[in-house]
Protein chains: 2
Amino acid sequence: MPEHPTGHRPTLEAVAARAGVSRATVSRVVNGGAGVRQLVADKVREAVAELGYVPNPAARTLVTRRTGAVAVIIAEPEVRIFSDPFFSQQVRGISKELNAHDTQLVLLLVEGPEDYERIARYLAGGHVDGALAFSLHADDPLPAIATRIGLPTVYGGRPAWTPAPGGPAGVTYVDADNRGGARLAVRHLADRGRTRIAHIAGPGDMTSATDRLDGYRDALPPACPPMVAEGDYTVEGGARAMADLLERHPELDAVFAASDQMAVGALRVLRERARRVPQDVALVGFDDMRSVAECADPPLTTVHQDIEGMGRMMARLLLGALDRDRGGILAPTSLITPTRLVRRDSA
Amino acid sequence: MPEHPTGHRPTLEAVAARAGVSRATVSRVVNGGAGVRQLVADKVREAVAELGYVPNPAARTLVTRRTGAVAVIIAEPEVRIFSDPFFSQQVRGISKELNAHDTQLVLLLVEGPEDYERIARYLAGGHVDGALAFSLHADDPLPAIATRIGLPTVYGGRPAWTPAPGGPAGVTYVDADNRGGARLAVRHLADRGRTRIAHIAGPGDMTSATDRLDGYRDALPPACPPMVAEGDYTVEGGARAMADLLERHPELDAVFAASDQMAVGALRVLRERARRVPQDVALVGFDDMRSVAECADPPLTTVHQDIEGMGRMMARLLLGALDRDRGGILAPTSLITPTRLVRRDSA
DNA sequence: TTGTAGGCGTTATCAT
DNA sequence: ATGATAACGCCTACAA
């Protein structure tokens, strides 16, 4: 196998010379080889192998105007991305789908507001053919940037400025059925005979949190008054919310937490206050992060969502738009993936 | 602010025409503007702004032979990457450093052995100027690929085929002082009067695990017999190892676990067996993953390492080599970052 | 089916 | 200090 650790790599020209054909023919063979005689094609492929030829992507991009890369933009405060396997899974799904289409993943981590300028410049530069963006808060400048540049973009999770699922979106996004999943959780609690069902909600500026809160309200039995405390999707936040809830509503007999992490925090506080789970207080989480839910004590009953699958869908949607038309008009579609309840021991 | 959602973006040519100068001058201004009269430079910058000109990276790469991107290659079985904030932190450190140098991060996730062909092709294609690679097992094909292609590469964690730290490396890598950290942990246990100190080790084919095991052996008091069980860095693995240890050595009064995750698993088993922590069994972890160590019950005493810092160092080493010489001979250096003990309640 | 030739947008080497 | 002009490596009409 030829090597070119230093010095210059062979070009189309070199392969052409070696195979005794023109550059055009080599190009055809390299790009699928339609319309080239079998015999000639074989000769070219041989030359390619002998010389260890690899196409120069920059040159290719220059003429085709396609980079074969998409950006994955993750803007999230440290606290979450550190402790949350959520992104890892979603990125993994994306990566699988992109790999299958020979497309590269350029990771753009947003550390602070000042980064958006850099990111805008990058996207405007035409380094990538499209973008996948996550967890946008209401004031996120990214959508405006993407729109201005005309960059096909798929969002992960319903963007905050978007009407509730079902309504016209204006953008393309993939999300779990947060509201439906929350209903599942609360209904399960009610079915188990609980009548004082509280909710530990996520941050009010995230749609996953508000959608789950809506689902909680939907499914709450008429006789049960809403009891809600807001956390921030972290273990600590869940613990604080639980303490708050116990203070205000000592009579509660069930809790639906909007994330497994918060459920774990709640678990800790409940144990400290000597409330048994599930006997005294039944608890249901959300996310079904196995490393969290299964290892909790007791293991968490929780709402499962296919995170990796959502990542794959995002990539698929984008790739579809990319090779359908190169202008990149992405039909505003929202794709909602189903959730289901996973019963373990906490409820 | 001009937009080019569709149609063609302005080129150097257009800017030159608008400013009434040559392409060469515009190029100079865009690239720092040395050797151009102030007046002319300003005129050019104005034209750039008016037209919303952004350089075409492909064209630039074609002639400079630099992409301004580096690959981050992560090869790890699902089980870890899902539950481990380790990579997130390291990637974050890398991202920060790369951003500061206007360099892009291309993420290459290795799903299986069959992926190496794809990755080799990608790296050989000259899409990136260098690579950062993680957690290589002994038989990983990546180093051979990187060497063959002549791609400057920095490794995260001592590669398995490499002699113990201190010896000649042959490659450049950044690692924590695993051995020293393990000594810290065991010494702390001994100082607290423990005389039967066991160890839950990580996978035998990872240097972080074997180095920590070596450190355990180093610091073990002469009177204390080595008691070791192997886990796999996961909560479950830690639980199994702990159960195993208790079976074989019921007399143990302290445990040093090679990761916080495994320590959490151990914690669960100890509680099930009614051994109090730290009274009956003192426990020290490794990693100081805050989300894990602080939230454990009791909070874990553990060995801290600066994971994000390690990521930054990796990037810094690579970038340094990249703009020092463009051939990319990276002096084989190993950089070992210090560890320290963080005392909480488990020991 | 194959070859010829032009151009993609930039940097870099010369002159001037 | 500035401007021509030649690469850089590839794709793609168009011609043969």
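Chain letters run A, B, ... following the sequence lines, proteins first and then strands; every chain starts at 1. Predicted model only: the values in this text are computed from it and were never measured.
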Which of the following nucleotides, dT2(C), dT10(C), dG9(D), is nearest to the side chain of V40(A)?
dT2(C)
Using only side-chain N and O atoms of R65(B), determine if any of them is under 4.0 Å from OP1 or OP2 of dG9(D).
yes
For residues 11-23 of chain A, which residues have at least one heavy atom under 4.0 Å from DNA chain C?
V21(A), S22(A), R23(A)
Rounded at 0.5 Å granularity, tell me how far CG in L107(A) sits from CD in Q104(B).
10.0 Å
So if I take every side-chain heavy atom of N31(B) and compare against dT11(C), dC10(D), dG3(C), which nucleotide ends up nearest?
dT11(C)
Give P55(B) one of three labels, base, sugar-phosphate or nothing, depending on what nucleic acid heavy atoms sit under 4.0 Å from its own.
sugar-phosphate
Report the nucleotide, chosen from dT10(C), dT2(C), dC11(D), that has the shortest atom-to-atom distance to any side-chain atom of S27(A).
dC11(D)
Just to be sure I understand the rule, does V30(A) reach a base, reach only the sugar-phosphate, or reach nothing, if contact means heavy atoms closer than 4.0 Å?
nothing
5'-to-3' dot-bracket of DNA chain C (Watson-Crick, G-U; under 3.5 angstrom; crossing pairs as [ ]; | other strand)
||||||||||||||||
In terms of side-chain heavy atoms of A24(B), which of dA12(C), dG3(C), dG9(C) is nearest?
dA12(C)
Candidate nucleotides dC11(D), dA1(D), dT2(C), ranked by approach to the side chain of R37(B) - the nearest
dA1(D)
Could you tell me whether the phosphate oxygens of dC8(D), OP1 or OP2, come under 4.0 Å of any side-chain nitrogen or oxygen in N56(A)?
no
Among the candidates dC8(D), dG3(C), dT2(D), find the nucleotide nearest to the side-chain atoms of V63(B).
dC8(D)
